[in-house]
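First the structure, in the form of structure tokens, and then the observations on it.
Hydrogens, waters and symmetry mates play no part in the numbers below; they use all other heavy atoms, side chains included.
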Number of protein chains: 2
Amino acid sequence: MTRAHSEMVERIGRFSDALKKSRLRLTHQRLEVAREIACNTTHPDVETIYQGVRQRIPTISLDTVYRTLASLAALGLIARVSVSSGPTRYDANLARHHHFLCTRCGLIRDVCSAALDAVRAPEEANDLGTVESVEVQLRGVCEACAGKESLHGKEEGHGEHW
Amino acid sequence: MTRAHSEMVERIGRFSDALKKSRLRLTHQRLEVAREIACNTTHPDVETIYQGVRQRIPTISLDTVYRTLASLAALGLIARVSVSSGPTRYDANLARHHHFLCTRCGLIRDVCSAALDAVRAPEEANDLGTVESVEVQLRGVCEACAGKESLHGKEEGHGEHW
DNA sequence: GTTACTGCAAACTTTTTGCACGACA
DNA sequence: TGTCGTGCAAAAAGTTTGCAGTAAC
């Protein structure tokens, strides 16, 4: 946990510095939203972040959370997770990584893998444009959902939910 | 174009067969929605499909298009493209493929590549769950946007729009 | 003291749902 | 003919925007 904790502290420090440099004001609300997402590895959506921050700032409004996340994303401090439809999710992990996505419950988890990092854009892609990043998405069923299914028996098998 | 055309005809045939087998009724609206998406390689969103179909069935309603696309997806005949946020997009190409995504304009194009098909889930992923599919996303700037930028000069450089 | 940020409310966009009429099998 | 699908309208969910007061610098 020490590793994760120091990473988190570092992220919050980086947020503060970047806000100062960008002449954006370092408000209580922004700091708490930044902390909320920096401590979170589950790619939360806006509503979830809002609920989390509200425990510390009960008067914060949902649109402030939206605006703050947009600002942090514009500064490149966090990234929109463009993996699933539905509510927008954010990711404070800017290190190169990939995603595992549960097709049952929508869970998204980071996958760090040197093998996947090594994947390069193929020649064919050059016809379409300039490739700047390569990300691999693994889709499947998470442990939790697999557990539920073996208990209840198969319930459904149709198309992708996520 | 003959290749693409026969592929398209085949898809529409597959749609009809699958609808019959699933005791879903073969209505005029469903057939035209199916045709619209079968002929399209640009991963259109619901609104775009609606506009396209409306040229042939001016009285069709947007929610019918929504419902039809949901039905086709539930039957596994088309897939939701889970690549970007924003409006949901659909893809009639069920062959294994990957995606190129323009971070400027949101364009999504299919990328077929044996090299990318060969990418396998790493060991680490087994801790998270059972991986069923692997898809690679290439993000970058498409030809059209690259052309615009070199004309107007750089206008912006902040985070991901898509 | 400025200027930017927040909270509130209202608007907007995308998607879903309830219901009565009409079409498919 | 019976059931399913459609169109309409209204609602729900997610997100953005305008404005007046408040807080940061």
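B/Phe15 is connected to B/Tyr50 through a chain of hydrophobic side-chain contacts under 4.5 Å among Ile, Leu, Val, Met, Phe, Trp and Tyr, so both are in one cluster.
Of the candidate nucleotides C/dT15, C/dC24, C/dT6, C/dT15 has the atom nearest to the side chain of B/Thr88. Comparing D/dT15, C/dC8, D/dG7 against the side chain of B/Thr59 picks out D/dG7 as the nearest.
Counting to the nearest Å, the C1' atom of C/dC5 and the CZ atom of A/Arg23 are 16 Å from each other. A/Arg30 has its CZ atom 15 Å from the P atom of D/dA23, to the nearest Å. At whole-Å resolution of the value, CD1 in B/Ile57 and P in C/dA23 are 13 Å apart. Put simply, CD1 on B/Ile49 is 14 Å from P on C/dT14, counting in whole angstrom units. Rounded to a whole Å, the CG atom of A/Asp63 is 18 Å from the P atom of D/dA13. A straight line from CG of B/Leu62 to P of D/dA9 spans 14 Å, rounded to a whole angstrom. The CD atom of B/Gln29 sits 17 Å away from the P atom of D/dC4 (whole-angstrom rounding). Between B/Leu69 atom CG and D/dT6 atom P the separation is 11 Å, expressed in whole Å.
For the residue pair A/His99 and A/Glu135, a side-chain donor N or O sits within less than 3.5 Å of a side-chain acceptor on the partner. Side chains of B/Ser71 and B/Thr68: no donor on one and acceptor on the other come within 3.5 Å. Counting only N and O atoms by type, the side chains of B/Asp91 and B/His97 include a donor and acceptor under 3.5 Å apart. Between the side chains of B/His43 and B/Asp110, at least one donor N or O lies within less than 3.5 Å of an accepting N or O.
Remark: B/Thr64 is in phosphate contact with D/dG7, judged by side-chain N or O atoms under 4.0 Å from OP1 or OP2. One finds a side-chain N or O of B/Ser61 lying less than 4.0 angstrom from the OP1 or OP2 phosphate oxygen of D/dG7.
Across the interface with DNA chain D, nearest-nucleotide mapping of A/Arg67 and B/Val65 shows B/Val65 to be the residue nearer the 5′ end. Judged by closest nucleotide on DNA chain C, B/Tyr66 is the one of B/Leu26 and B/Tyr66 placed further toward the 5' end. Each of A/Glu47 and A/His28 has a nearest nucleotide on DNA chain D; the 5'-most of these lies closest to A/Glu47.
A donor-acceptor contact under 3.5 Å is formed by the side chain of A/Arg25 with the base of C/dT3.
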